[in-house]
Amino acid sequence: MGDYVWFHDVSWHATYAIYFFVIGICAGLSFLSYGTWRTEALRPLREKAAWGSFALLVVGGLLLIGDLSQPLRFFNILNPAFLNFTSPLAWGALNIVAFGIASVLYLAALRQGNEVRGKLLATIAALLALGLPIYTGYDLTVHQSRPVWNTPVMPVLFVALAVASGSAVGAILAGANQAAQKLLREYMLWSTGAVGVILISILGTTNYGGAAQELTFMLMTTGTMGLIFVGIGVVAGTAAPIALLLAPFGRQQMGAVLAGVLVLAGGAALRYALLMGPQQLQTLY
Amino acid sequence: MSEELRVSPIETREMPGKRRFAMVVDTRRCIGCMACQVACKAEYDTPLGVNRTWVPYKVVGKYPNVKKQFLPRLCNHCDDPPCVRNCPVGATYKHEDGGFVLQRYERCIGCRSCMAACPYNARFMLPSHRTYTPITNVVDKCTFCFHRVTQNLVPACVQTCIGRARVFGDLNDPTSEVSYLVAKNATQVLRPEEGTKPHVFYIGADRNQTEFGRDAYRKPEVMELERSAFKRHFDI
């Protein structure tokens with residue numbers, strides 16, 4: 001008592017977590033739309049996934065720009081004279097713009113019914129979509145002084161979350177299509193399993209680290225943040241859908257949709273906790 | 001590999017012909033008068049709630065033998081600054097002559113990635129409204145009083161320090177006071193494990209303050225009380 005502590009503001013607020021969530025689904029749906037060219041069972045989802053991905057890109061882009069304290073200076077990031085290529089944000093901005101262009105061209109090809117161009121553009125869009133979760137994860141990874149963020153598996157976790165979220169939305173969109181549901185159930189199961197494995201490794205290494213890591217582990221697993229991270233993110237959003245999808249009920253349409261909803265809730269909670277939890281410590285130093 | 005090849009290309013410490021400014025904070029001489037904080041506020045019209053320099057303290061010892069341990073804080077003007085690497089538009093840059101880490105306000109987009117990158121929390125977002133200056137909604141930080149140093153003056157906080165706890169000068173000049181103090185005293189820097197090579201050196205600093213997040217070990221309800229009092233104070 002009696003100490004004079006200076007309380008700092010966190011760098012990135014919740015808008016950024018919503019952006020992570022939205023852009024993850026956007027990338028996942030883009031993968032799904034590309035998948036429809038490879039797997040006939042997913043064919044009914046092609047247009048829906050492509051349009052959904054584009055709509056979420058617009059929402060995500062607006063969120064990202066709105067979160068800047070100088071939104072109109074967003075164009076600075078596209079100015080070749082200003083670009084600093086050691087920053088992941090610069091790569092991210094270029095990636096988003098390239099993905100946006102590819103998405104528009106892909107949607108145009110779909111409207112024209114041009115199969116050859118559509119397949120090519122779906123591949124390009126999916127490759128660029130892969131860059132979205134990678135750069136968002138990389139955005140956190142580079143911060144050497146922040147526990148939990150500073151791990152090379154963060155981009156991999158974000159890719160797994162994107163596949164899980166995309167498959168979950170796909171399962172909801174697929175409705176009564178049995179063949180598509182069967183495939184999406186597999187995607188959801190494996191990607192959510194991957195999320196679980198990566199979370200275990202992150203939590204394990206965080207708890208095993210130094211004072212900062214130990215304190216961050218404590219902050220992320222107790223209190224309100226613990227409820228969000230462990231309760232909704234790990235238990236309800238990762239373990240429960242895996243158990244549900246493995247159970248006989250998970251093979252039915254309702255089961256898959258329920259698992260999808262849980263995966264989406266878990267994905268949102270995990271992104272929020274992974275963004276905000278490790279920043280709590282910095283407010284005290 | 002030679003030492004010259006192993007250092008980062010933007011580093012300027014011990015580079016012949018280049019100046020490299022540094023600050024030595026002798027915590028044994030700091031009396032916690034906060035004059036440095038006030039001088040800095042006056043120099044830059046820094047708004048309420050944010051500071052370019054601040055002086056947190058800890059009460060150490062056991063009653064009746066207690067004392068306040070001060071640790072003046074500011075931007076460390078690192079030799080290898082992560083904020084410069086992280087800024088997507090080059091708004092944060094390192095000045096070659098003197099090694100100042102500075103901000104181009106007209107370029108800053110307010111993405112706060114430099115704030116996230118800084119291990120010392122030395123950066124802050126300027127609020128929308130300021131009293132005298134139109135620069136708002138961009139990230140700001142201590143500049144080592146670049147405008148004063150280029151006119152052969154010392155930073156405002158150094159000028160005003162009544163106990164001469166802050167000493168400023170060129171570390172690459174072997175005859176400077178900072179060179180002497182760093183060479184002759186046991187000095188600490190904040191969070192050396194980050195590899196940023198800070199240019200603020202402390203003499204006699206309390207390790208419980210130079211390390212990361214020790215306050216998180218305090219009782220959550222006490223922290224919550226203090227945090228709400230802090231917020232209430234700056235909402236005035």
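Chain letters run A, B, ... following the sequence lines, proteins first and then strands; every chain starts at 1.
- Here the shortest heavy-atom pairing between Arg73(A) and Tyr105(B) reads NH1-O, 2.6 Å.
- If you measure heavy-atom distances from Trp91(A) to chain B, you find no contacts under 4.5 Å at all.
- Put simply, CG on Leu140(A) and OG on Ser113(B) are 11.5 Å apart, with the number rounded to the nearest 0.5 Å.
- Residues of residues 26-45 of chain B lying within less than 4.5 angstrom of chain A, judged on heavy atoms, are Gln37(B) in numerical order.
- Interface remark: of the candidates Cys111(B), Pro82(B), Gly90(B), Cys111(B) forms the most heavy-atom pairs closer than 4.5 Å to chain A.
- Contact check for Ser69(A) versus Arg112(B): side-chain heavy atoms found under the 4.5 Å cut-off.
- Side-chain contact between Val10(A) and Met115(B) is absent, with no heavy atoms from C-beta onward closer than 4.5 Å.
- Residue contact with chain A, scored on non-hydrogen atoms closer than 4.5 Å, involves the backbone of Val55(B) exclusively.
- Side-chain atoms of Arg146(A) come within 3.5 Å of backbone N or O of Ala116(B) as a donor-acceptor pair.
- When the candidates Val89(B), Thr196(B), Leu126(B) are compared by the number of heavy-atom contacts under 4.5 Å with chain A, Val89(B) comes out ahead.
- For Cys118(B), the part lying under 4.5 angstrom from a heavy atom of chain A is the backbone only.
- To the nearest 0.5 angstrom, Arg85(B) atom CZ is 7.5 Å from Thr86(A) atom OG1.
- The most heavy-atom pairs under 4.5 Å with chain A, out of Met125(B), Glu106(B), Arg123(B), come from Glu106(B).
- Residues His8(A) and Val50(B) have side chains not in contact (no heavy-atom distance under 4.5 Å, counting atoms from C-beta outward).
- Arg191(B) CZ to Ser145(A) OG: the interatomic distance, rounded to the nearest 0.5 Å, is 5.5 Å.
- When every heavy atom of Gly49(B) is checked against every heavy atom of Trp6(A), the shortest pair comes out as O-CZ2, 3.7 Å.
- Considering OG of Ser11(A) and CG of Asn121(B), their distance stands at 7.0 Å, rounded to 0.5 Å.
- In this structure, Arg164(B) places its CZ atom where only 12 or fewer heavy-atom neighbours from other residues, nucleotides or ligands lie under 6.0 Å away.
- Remark: Arg73(B) qualifies as a cation-pi partner of Tyr285(A) under the 6.0 Å distance and 45° angle criteria applied to the six-membered ring.
- With chain B as the partner, the residue from Asp67(A), Val142(A), Asp139(A), Leu83(A) showing the most heavy-atom pairs under 4.5 Å is Asp67(A).
- With rounding to the nearest 0.5 Å, the separation of CG in Asn86(B) from NE2 in His143(A) is 4.0 Å.
- A distance of 5.0 Å separates CG of Leu68(A) from CD1 of Ile109(B), quoted to the nearest 0.5 Å.
- Crowding of Ile135(B) atom CD1: a count of heavy atoms from other residues, nucleotides or ligands under 6.0 Å exceeding 12.
- In terms of heavy atoms, Cys108(B) sits closest to Gln70(A) at O-CG, 3.8 Å.
- Two residues are said to be in side-chain contact when any heavy atoms from C-beta on lie closer than 4.5 Å; Asn84(A) and Pro88(B) fail this criterion.
- The part of Thr136(B) that comes within reach of chain A is its backbone (N, CA, C, O), which places non-hydrogen atoms under 4.5 angstrom from that chain.
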